[in-house]
Amino acid sequence: MPELPEVHGYKVYIDSTSLHKTITSFDCRDTKLLKKPKEAFTEYLLNEQLTGTERIGKYLFLKTSGSKILVMHFGMTGRPNYYKDEDDRPKFGHIVLRFDNGFHFAFENKRKFGWWDLTDSIEDYRQEHDLSIDARKLSLEDFKNSLNNRKTHIKKIIMDQSVAAGVGNWMADEILYQAKIHPEKKVEDMSEKHIETVFDAMKKVIEVAIEHDAHYNDFPNDFLMHFRKEGATCHHTGAEIKKMKVGGRSTYFSPEWQEL
DNA sequence: TCACGTGTTGACTA
DNA sequence: CTAGTCAACACGTG
């Protein structure tokens with residue numbers, strides 16, 4: 001599930017459940033999900049507390065009372081789950097922290113594309129991993145600068161985490177639908193005005209999604225999410241929604257509505 | 001059985 | 001070195 005709005009929700013969830021409790025155990029069933037040796041996580045997390053969170057795009061940083069910052073990425077199927085009884089460990093809760101109040105924090109990850117890492121500095125980590133400023137805070141100037149010299153399709157560009165950290169596949173489709181721009185429009189063929197339109201649509205989609213807690217069903221009626229499937233009916237034109245591959249990802253769009 | 005998917009990474013090519 | 005493409009990763013779903 002997680003693109004920017006979902007990860008934002010996870011952050012709020014973790015802030016309200018899992019901070020300021022001493023970690024009494026760390027359990028990981030599959031070390032593929034760890035970017036550092038298991039022992040490092042035990043060493044830096046045990047007897048420490050989570051003290052605060054920060055999100056950049058789809059990456060979540062959990063500050064601790066110890067000397068390291070825990071980094072989480074949820075992949076395509078991840079979510080946090082705070083629960084009480086040992087027996088309630090979720091089926092895909094591959095990594096679990098136990099707190100001194102008896103509660104547990106599970107990192108659920110059905111497809112195991114998510115992972116945990118440790119770092120010393122959020123800012124260094126951001127730069128080493130080619131992440132832009134979080135898309136929600138990104139300025140128009142930053143956005144224009146990153147688009148400079150790029151030659152490929154606009155959809156690919158806005159999904160690039162070094163351009164707009166947090167935008168994923170469904171958001172990219174939604175942004176371009178709102179902006180009335182075809183996903184295969186080449187960035188070099190776009191006017192300043194076009195770029196600003198995409199930027200404004202990105203901001204709008206992010207805020208609307210966060211406002212509705214990333215519950216797609218509650219989005220406004222003219223949002224692509226409601227008819228983002230092949231052959232569905234475009235809210236504006238009444239024509240069929242088409243599907244194609246752009247940048248290797250399934251892309252849904254409304255041909256007459258979105259200008260190439 | 002087979003293709004597909006809300007994401008990232010690394011190998012490879014120009 | 002940079003931009004872009006593509007397969008790989010894991011596994012449930014239709």
Side-chain angles (χ1 to χ4, degrees), chain A residues 1-11 28-36 55-61 71-80 90-95 107-117 119 125-132 134-135 145-177 183-189 202 205-206 208-210 212-219 223-231 242-253:
Chain A
M1 314 201 146
E3 292 186 28
L4 188 156
E6 288 93 340
V7 180
H8 171 83
Y10 298 167
K11 170 180 156 58
C28 176
R29 291 198 296 226
D30 188 342
T31 52
K32 275 206 235 1
L33 301 181
L34 304 178
K35 299 266 191 186
K36 298 270 191 317
R55 183 189 58 71
I56 302 177
K58 306 164 195 169
Y59 293 67
L60 196 58
F61 298 86
V71 188
M72 271 179 209
H73 194 291
F74 295 91
M76 295 220 266
T77 54
R79 65 177 179 196
K91 187 172 175 199
F92 301 107
H94 299 308
I95 308 178
F107 181 75
E108 287 191 52
N109 223 265
K110 192 155 52 175
R111 273 175 70 191
K112 298 186 179 173
F113 280 7
W115 43 258
W116 285 20
D117 199 355
T119 189
Y125 198 90
R126 183 181 79 76
Q127 290 181 21
E128 284 161 17
H129 292 259
D130 289 323
L131 294 176
S132 75
D134 183 69
N145 284 339
S146 335
L147 264 56
N148 210 19
N149 294 326
R150 301 297 292 264
K151 300 209 179 338
T152 192
H153 308 304
I154 182 64
K155 161 142 183 186
K156 184 134 195 334
I157 298 297
I158 59 176
M159 277 185 33
D160 185 334
Q161 300 302 293
S162 70
V163 172
V167 175
N169 201 33
W170 78 252
M171 282 183 75
D173 284 359
E174 188 66 68
I175 289 164
L176 295 174
Y177 182 77
E184 280 186 309
K185 183 112 181 160
K186 295 274 184 62
V187 175
E188 52 191 333
D189 297 334
M202 174 175 84
V205 170
I206 291 171
V208 167
I210 287 177
H212 295 283
D213 299 321
H215 294 153
Y216 312 143
N217 291 341
D218 299 338
F219 287 6
F223 266 53
L224 177 67
M225 289 312 293
H226 297 298
F227 38 92
R228 186 173 175 272
K229 50 178 178 275
E230 201 167 15
K242 298 287 184 201
K243 178 184 179 183
M244 68 192 300
K245 290 265 184 205
V246 180
R249 311 288 300 193
S250 288
T251 299
Y252 299 85
F253 70 108

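Bear in mind the structure is a predicted one, so any value in this text is a computation, not a measurement.
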Expressed as a whole number of angstroms, how long is the span from [X]:[atom1] to [N]:[atom2]?
| X | N | atom1 | atom2 | value |
| --- | --- | --- | --- | --- |
| A/Ile154 | C/dG4 | CD1 | P | 11 Å |
| A/Met72 | B/dG7 | CE | P | 19 Å |
| A/Gln161 | B/dG10 | CD | C1' | 17 Å |
| A/Lys155 | C/dA3 | NZ | C1' | 19 Å |
| A/Leu33 | B/dT8 | CG | P | 16 Å |
| A/Glu108 | C/dC11 | CD | P | 15 Å |
| A/Glu184 | C/dT5 | CD | C1' | 15 Å |
| A/Leu131 | B/dG7 | CG | P | 14 Å |

Between [X] and [Y], what is the shortest heavy-atom contact and its length?
| X | Y | answer |
| --- | --- | --- |
| A/Leu131 | A/Arg126 | O-NH1, 2.7 Å |
| A/Lys155 | A/Ala172 | CE-CB, 4.1 Å |
| A/His226 | A/Phe219 | NE2-O, 2.9 Å |

Protein-nucleotides 8-10 of chain C N/O pairs closer than 3.5 Å?
residue : atom : partner  : partner atom : Å
C/dA10  : O4'  : A/Arg111 : O            : 3.1
C/dA10  : N1   : A/Arg111 : NE           : 3.0
C/dA10  : N1   : A/Arg111 : NH2          : 2.3
C/dA10  : N3   : A/Arg111 : NE           : 2.9

Distance below 4.0 Å between [X] side-chain N/O and [N] OP1 or OP2:
| X | N | value |
| --- | --- | --- |
| A/His73 | B/dT8 | yes |
| A/Lys245 | B/dG5 | yes |
| A/Lys58 | B/dT8 | yes |
| A/Lys243 | B/dG5 | yes |
| A/Ser162 | C/dA3 | no |

About how many Å separate [atom2] of [Y] and [atom1] of [X], when rounded to the nearest 0.5 Å?
| X | Y | atom1 | atom2 | result |
| --- | --- | --- | --- | --- |
| A/Gln161 | A/His129 | CD | NE2 | 13.0 Å |
| A/Thr152 | A/Glu188 | OG1 | CD | 9.0 Å |
| A/Lys32 | A/Asn109 | NZ | CG | 12.5 Å |

Which part of the nucleic acid does A/Gly168 contact within heavy-atom distance under 4.0 Å: base, sugar-phosphate only, or nothing?
->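 A/Gly168: backbone/sugar contact only, no base atoms under 4.0 Å.
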Would you mind telling me which residue lines up with the more 5' stretch of DNA chain C, A/Asp160 or A/Phe92, judged by nearest nucleotide?
->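 First, find each residue's nearest nucleotide; the 5'-ward one identifies A/Asp160.
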Among B/dG7, B/dT9, C/dG4, which is the nearest nucleotide to the side chain of A/Arg150?
->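 From the listed options, C/dG4 comes nearest.
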Shortest side-chain distance from A/Glu3, nucleotide among C/dT5, B/dG7, B/dG5 |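 Within the option list, the nearest is B/dG7.
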Applying side chain to side chain contact (heavy atoms under 4.5 Å, CB included) between A/Lys36 and each of A/Asp117, A/Val71, A/Thr31, report the one that passes.
->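 Among A/Asp117, A/Val71, A/Thr31, the one meeting side chain to side chain contact (heavy atoms under 4.5 Å, CB included) with A/Lys36 is A/Asp117.
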Dot-bracket assigned to DNA chain C with the 3.5 Å Watson-Crick/G-U criterion, [ ] for crossing and | for other-strand pairs, is .||||||||.||||
For this output row, return yes or no: ring centroids of A/Trp115 and A/Phe107 closer than 6.0 angstrom.
->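 Between A/Phe107 and A/Trp115, which both carry aromatic rings, the centre distance is not below 6.0 Å.
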The single option from A/Trp170, A/Phe253, A/Phe227 passing ring pair (Phe, Tyr, Trp, His ring centres under 6.0 Å) against A/Tyr177 =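 Output: one option passes, namely A/Phe227.
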Tell me, with the steps shown, if A/Val167 and A/Leu4 meet side chain to side chain contact (heavy atoms under 4.5 Å, CB included).
-> CA-CA 6 Å; A/Val167 175; A/Leu4 188 156; over 6 Å; no
